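The structure under discussion appears below in the form of structure tokens.
Just so you know, these numbers use all the heavy atoms, side chains as well, and skip hydrogens, waters and symmetry mates. On a predicted model such as this, the values are computed, not experimentally measured, just so you know.
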Amino acid sequence: MTVRVRFAPSPTGYLHIGSARTALFNYLYARHTGGKFLLRIEDTDLARSTEESTRSILDGLDWLELAHDEEIVFQSDNADKHRATAKKLLAEGKAYRDFTPKAEPNDANVKDTIKDRARANQGEKNMRDNPYRALSSEESDARAAAGEPFAIRLKVAAVGKTSFEDAVYGLQERDYTETEDLVLLRSDGHPLYNLAVVCDDIEMAITHVIRGQDHLTNAHKQVLIYEALGVTPPTFAHLPLIMAPNKGKLSKRKHGEVVSMTTYRDAGFLAAAFRNFLALLGWSAGEEKEIYSLEELVQKFSLGGIHRSNAVFNFTENDPRKWTDDKAQWMNAEYIRTMPVGELLPFVKAELKSAKLWREEYEPELRAVTETLPSTAAAGADERPESVVIDLPEHGSYDWFIQTINLIRQRFFTLKDFSSQGRAYFSEDYDFDPAAIEKNLNKFPDLKVWLPELADRFETEFAEKPFSEANIEEGVKAFTEEKGTKLGVIMNGARTLLTGVAVGPSMLSVFEIVGLEGTVTRLRSQLAWRL
RNA sequence: GUCCGGUUCGUCUAGGGGUUAGGACACCGCCCUUUCACGGCGGCAACACGGGUUCAAAUCCCGUACCGGAUACCA
């Protein structure tokens, strides 16, 4: 039988990290088994569901590149079928009408109210004491015909237990006395979650239900409905939860943006890196390896590798450096630094475009995506050259662009860095970091004269000679000796003027990448000095 | 309360009767170096607790503690 799984979010907010992982695991399982990955929007809670939220969830899945098969199912479209199913169970005597007036909704702290009620019922609560359970069908029909409102509840047997084999948590058993006669249909005719899920899963021919562990007890209720319907339940696989650093609930309200997928997209994360990170939160292939391509994840994924214990998504509020999980940040940096540059290029292009730094000269990118480019191969490559600049491509050309990206990405963490820290490589209009000025320029006032002087030297010296690393090094060293200063003073001063920041690749590479003309102009510029 | 689940470095985790308890991130140190958030090398750091079974327990069993989930005419 072909595996069919589904991701079934309720559209009451953006795609958060927990749902994203659930979606990913469903996707991986489907691809691993050659099955189908379906999407169902559980929008039956009219009050809370929004179209905007649906769109945002779709955006998130799209960003993570978790493409679904077949048409999206909107649960609200199936309400009639759900009602029909409830009525069928009623007709068969497997459910009954409950004429108890609907309890007052206490919106305030529903959760607490429920808990208090449950605690109050402790010990002696008989789940089968509903007076309408035993009402004769004649009387029930009569009261319904008279227009008396009623909910439809499933008639759960008095003795016995539900049981199923969870693919993650193993054999799960629950005594009937722990489960009340659950409501299938509200008195206003609105079908309830457990009914809707079972009906839809049957209709969609779902074979494996992979979802959060918070649904474990729902699974028992759903098994009851499957049994009443005479349908074999699917295989359940419940996932451990992702918790906040204090091991409490990770919530949108309390933790805000860190839990939203769009945050990561907007912060310059690569979907591949985030997927990789997510996959390792609650699942492991049982080997000492961290970087997995999507293909490898698909190939190695198994329900058996899913953990039973919750995982903490670790971050520190109010610490800009640790605004999100360290490992996620590292993973992203690792991808940016080591993935084939051809694969990275489209993302860099998008980033530069949005920062208005993209030039048509960089364009012939098709070649890049298909060809393997100079060194810095895939993740796991044994060596990372300090500089990958090999020759002197025309400044601003396509080849120059590739080499520049390859050079600067070695110290980058996100795609955003290409347009912020890397701005000076693509534009003459870049800012100077005051700390860099202080550290590399102000401390050595002589540089105000020396650097323009160096520019003159470069201009004459490289009129004929190629402006290449070896030659530059020779020139700068001679200049340094003449001035009786240290190489670092000149280099770091130049770095600040040329790039605006105090950190970056080897200065020789920077000179070469910026080019003779740019270097000369920037060394002569007094812009930074005025700050 | 009751039911269900969980507990290995700060975090993600490997290991499921005999291991110096492994890796990754983070942190710290050293090296490289013109800078650095790159890279290299190294360090710190964990089996929740108590019983039992066994020649031998992180690993199996029981209990306790703690954490989480569930409890609804929400999804």
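Annotation: cation-pi geometry not satisfied between A/Arg143 and A/Phe150 (NZ/CZ under 6.0 angstrom from ring centroid, within 45° of ring axis). Taking the centre and axis of the six-membered ring of A/Phe413, the NZ or CZ atom of A/Arg337 falls inside the cone set by 45° and 6.0 Å.
Under the Watson-Crick or G-U wobble criterion, with both distances below 3.5 Å, B/rG16 is left unpaired in every strand shown. Partner assigned to B/rA21 is none, using Watson-Crick or G-U wobble distances below 3.5 angstrom. Pairing of B/rC30, defined by two Watson-Crick or G-U wobble distances under 3.5 Å, is identified with B/rG40. With a 3.5 Å ceiling on both atom-pair distances, the Watson-Crick or G-U wobble partner of B/rG1 is B/rU71. Under the Watson-Crick and G-U wobble criteria, each requiring two contacts below 3.5 Å, nucleotide B/rU54 is left unpaired. When Watson-Crick and G-U wobble pairs are counted only if both distances are under 3.5 Å, B/rA65 pairs with B/rU7.
With hydrogens and angles ignored, no donor-acceptor pair under 3.5 angstrom links the side chain of A/Asn218 to the base of B/rA70.
The separation of B/rA21 from B/rA46, taken at their P atoms, amounts to 12 Å, rounded to a whole angstrom. One C1' atom belongs to B/rU64, the other to B/rC30, and the distance between them is 47 Å to the nearest Å. With C1' as the reference atom, B/rG17 and B/rA70 are 35 Å apart, rounded to whole Å. Nucleotides B/rA14 and B/rG22, compared at atom P, are 15 Å apart to the nearest Å.
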Could you run down the sub-3.5 Å N/O contacts of the protein with nucleotides 4-10 of chain B?
| residue | atom | partner | partner atom | Å |
| --- | --- | --- | --- | --- |
| B/rC4 | O2' | A/Gln172 | OE1 | 3.3 |

Could you go over nucleotides 30-34 of chain B and give all protein N or O partners under 3.5 Å, atom names and distances?
| residue | atom | partner | partner atom | Å |
| --- | --- | --- | --- | --- |
| B/rU34 | O2' | A/Asn492 | OD1 | 3.2 |
| B/rU34 | O2' | A/Asn492 | ND2 | 2.7 |
| B/rU34 | O2 | A/Arg495 | NH2 | 3.3 |
| B/rU34 | N3 | A/Met507 | N | 3.3 |
| B/rU34 | O4 | A/Ser506 | OG | 3.0 |
| B/rU34 | O4 | A/Met507 | N | 3.3 |

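Here the P atom of nucleotide B/rC12 and the CZ atom of A/Arg21 are 12 Å apart, to the nearest Å.
Going from atom CD of A/Glu203 over to atom CG of A/Asn78 covers 5.5 Å, rounded to the nearest 0.5 Å.
Place A/Ala328 and A/Phe277 on RNA chain B by their nearest nucleotides, and A/Phe277 ends up nearer the 5' end. Each of A/Lys322 and A/Leu280 has a nearest nucleotide on RNA chain B; the 5'-most of these lies closest to A/Leu280.
For B/rA14, one of the phosphate oxygens OP1 or OP2 lies less than 4.0 angstrom from a side-chain nitrogen or oxygen of A/Ser284. Contact annotation: A/Arg153 side-chain N/O to B/rC73 OP1/OP2 distance is under 4.0 Å.
Near-neighbour residues of RNA chain B inside residues 178-190 of chain A, defined by a heavy atom below 4.0 Å, number-ordered: A/Glu178, A/Glu180, A/Val183, A/Arg186, A/Ser187, A/His190.
Which of B/rA37, B/rU13, B/rC73 sits closest to the side chain of A/Ala151 comes down to B/rC73.
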